[in-house]
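Quick caveat, the model's predicted, so the values are computed rather than measured. We count residues from 1, following the sequence as given.
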Amino acid sequence: MNIKHRIPFLLSLLVFLAFFSACETQTAPPDNSEPEESAGFSISSARLDAVAADEAFGLRMEYPVLHAPEHPAMERAINDAIHALALSYYQEDELEDSSLETSYECNILHDRFLSVALYSESYHRGDAHPTLYTDTLLYDLSSGEQLSIESIVETPANLPALILDGTFQPDASFLEGGNVLDMDLLAALLDSQTVGAQFYLSPTGLALIVEVPRALGDWFRFSADYSDIPAELTPAFQAFLDEQSA
């Protein structure tokens, strides 16, 4: 490619990079549906959009931003982790031939735990259908420490059995669609992975995200109220819940 032909390409690239940089720092006002500010913590939404030239592909992303003015170092570290996870499926050099859309769920549980779930949908030109991803993070806001399922569930190895016996139920949206789970297939899937690697703390219960083959939708979500699984929770987490309800 000679220099004359490169000029339009370079100009387009510079325009895109300027637009991408501007979008990356754009933070939307707090959504009223987000947790209200308490104990010095609050959440707002950030958007990141970058559309390809033909507008058929591009990046459309929304992710949470933690505000903790009394703990700036923790705020920065957590937001950096969320931002990196949100962008983990994005390939800048594939912008013209792929799209990525990301939404999220976020909850601050009793001013102590920050739970985040990112839902991403990736599509590449020529694919029969998009690929769906779910990624989760849990932080203890009293220390800034990232936590695993072992901080919530005493014996994570019990989780597959709790799904199979119906203690954890599939999301209502799955059941409302008239879907029926093949329990034999589900048992085989649960046996092949670490259940609890992806999880989310809602205000009322624990949700487990289970990976499934792409043809089945990439993942299922199963939930149980905290009150239904007290024997499965760690003593520390159960004591925390008891303290909040006292």
Side-chain angles (χ1 to χ4, degrees), residues 24 27 30-31 34-46 48 61-90 100 102-120 132-160 162 168 193-211 218-224 226 229 232-244:
E24 186 171 6
T27 301
D31 186 328
E34 299 292 354
E36 296 181 359
E37 181 171 346
S38 57
F41 303 112
S42 63
I43 296 291
S44 67
S45 295
L48 177 59
M61 181 178 295
E62 187 173 9
Y63 56 94
V65 176
L66 172 68
H67 301 279
E70 297 180 10
H71 309 278
M74 180 178 71
E75 174 189 291
R76 182 169 56 254
I78 292 176
N79 284 333
D80 285 349
I82 293 172
H83 184 260
L85 186 59
L87 282 172
S88 60
Y89 300 109
Y90 173 61
L100 177 65
T102 299
S103 60
Y104 73 90
E105 225 179 331
C106 185
N107 177 49
I108 296 178
L109 183 63
H110 300 304
D111 306 330
R112 172 71 181 276
F113 297 101
L114 171 67
S115 189
V116 176
L118 296 174
Y119 304 105
S120 301
L132 308 178
Y133 305 95
T134 300
D135 296 283
T136 61
L137 293 168
L138 177 66
Y139 287 95
D140 183 341
L141 294 178
S142 69
S143 64
E145 180 184 2
Q146 185 176 349
L147 303 177
S148 67
I149 192 67
E150 284 80 3
S151 298
I152 308 301
V153 174
E154 183 72 6
T155 310
N158 291 343
L159 292 174
L162 294 172
F168 282 82
Q193 61 179 285
T194 304
V195 177
Q198 302 291 352
F199 65 100
Y200 178 76
L201 301 186
S202 76
T204 59
L206 171 64
L208 305 172
I209 291 90
V210 176
E211 294 182 4
D218 295 306
W219 56 268
F220 286 155
R221 174 170 163 154
F222 298 86
S223 302
Y226 300 124
I229 53 172
E232 304 300 330
L233 302 176
T234 62
F237 187 68
Q238 184 60 59
F240 167 76
L241 293 176
D242 293 341
E243 181 182 342
Q244 305 311 310

Rounded to the nearest 0.5 Å, the OG atom of S44 sits from the CG atom of L66 at a distance of 9.0 Å
CD1 (I209) and CG (D135) are apart, to the nearest 0.5 Å, by 9.5 Å
### Query
What do the steps show when you test S45 against Y104 for side-chain hydrogen bond (donor to acceptor under 3.5 Å, both in side chains), and what is the final call?
CA-CA 9 Å; S45 295; Y104 73 90; 2.4 Å; yes
Pairwise side-chain contact, L162 with E232, heavy-atom cut-off 4.5 Å (strictly under):
yes
Please tell me if the side chains of V195 and P156 come closer than 4.5 Å, counting only heavy atoms from C-beta onward. no
Less than 6.0 Å separating the ring centroids of F237 and Y226?
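Yes, ring centres under 6.0 Å apart.
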Can you see which heavy atom on [X] is nearest to which on [Y], and at what distance?
{"X": "A86", "Y": "T102", "answer": "O-OG1, 4.3 Å"}
{"X": "P64", "Y": "N79", "answer": "O-OD1, 4.4 Å"}
{"X": "E154", "Y": "P235", "answer": "OE1-CD, 3.2 Å"}
{"X": "S151", "Y": "T234", "answer": "O-OG1, 3.1 Å"}

Geometric class of the F41/H71 ring pair [parallel <30°, tilted 30-60°, perpendicular >60°]: parallel
Would a distance-only check, ignoring hydrogens and angles, find a side-chain to backbone donor-acceptor pair under 3.5 Å from [X] to [Y]?
{"X": "S223", "Y": "A207", "result": "no"}
{"X": "N107", "Y": "L201", "result": "yes"}
{"X": "S202", "Y": "G205", "result": "yes"}

Q. Is there a donor-acceptor contact under 3.5 Å linking the side chains of Q238 and D242?
A.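 Yes - a donor-acceptor pair under 3.5 Å links their side chains.
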For Y63 and S103, does a side-chain donor sit closer than 3.5 Å to a side-chain acceptor?
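Judged by distance alone, the side chains do not pair up.
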query = Run the side chain to side chain contact (heavy atoms under 4.5 Å, CB included) check on L147 and F113 step by step: do they pass?
reply = CA-CA 9 Å; L147 303 177; F113 297 101; 3.5 Å; yes
Atom pairs and distances, donor-acceptor, side-chain atoms in residues 136-143, under 3.5 Å, two or more places apart:
| unit_1 | atom_1 | unit_2 | atom_2 | d |
| --- | --- | --- | --- | --- |
| T136 | OG1 | Q198 | OE1 | 2.8 |
| T136 | OG1 | F199 | N | 3.1 |
| T136 | OG1 | F199 | O | 3.2 |
| D140 | OD1 | R112 | NE | 2.8 |
| D140 | OD1 | S142 | N | 2.9 |
| D140 | OD1 | S142 | OG | 2.6 |
| D140 | OD2 | R112 | NE | 3.4 |
| D140 | OD2 | R112 | NH2 | 3.1 |
| D140 | OD2 | S142 | OG | 3.3 |
| S142 | OG | R112 | NE | 3.4 |
| S143 | OG | E145 | N | 3.2 |

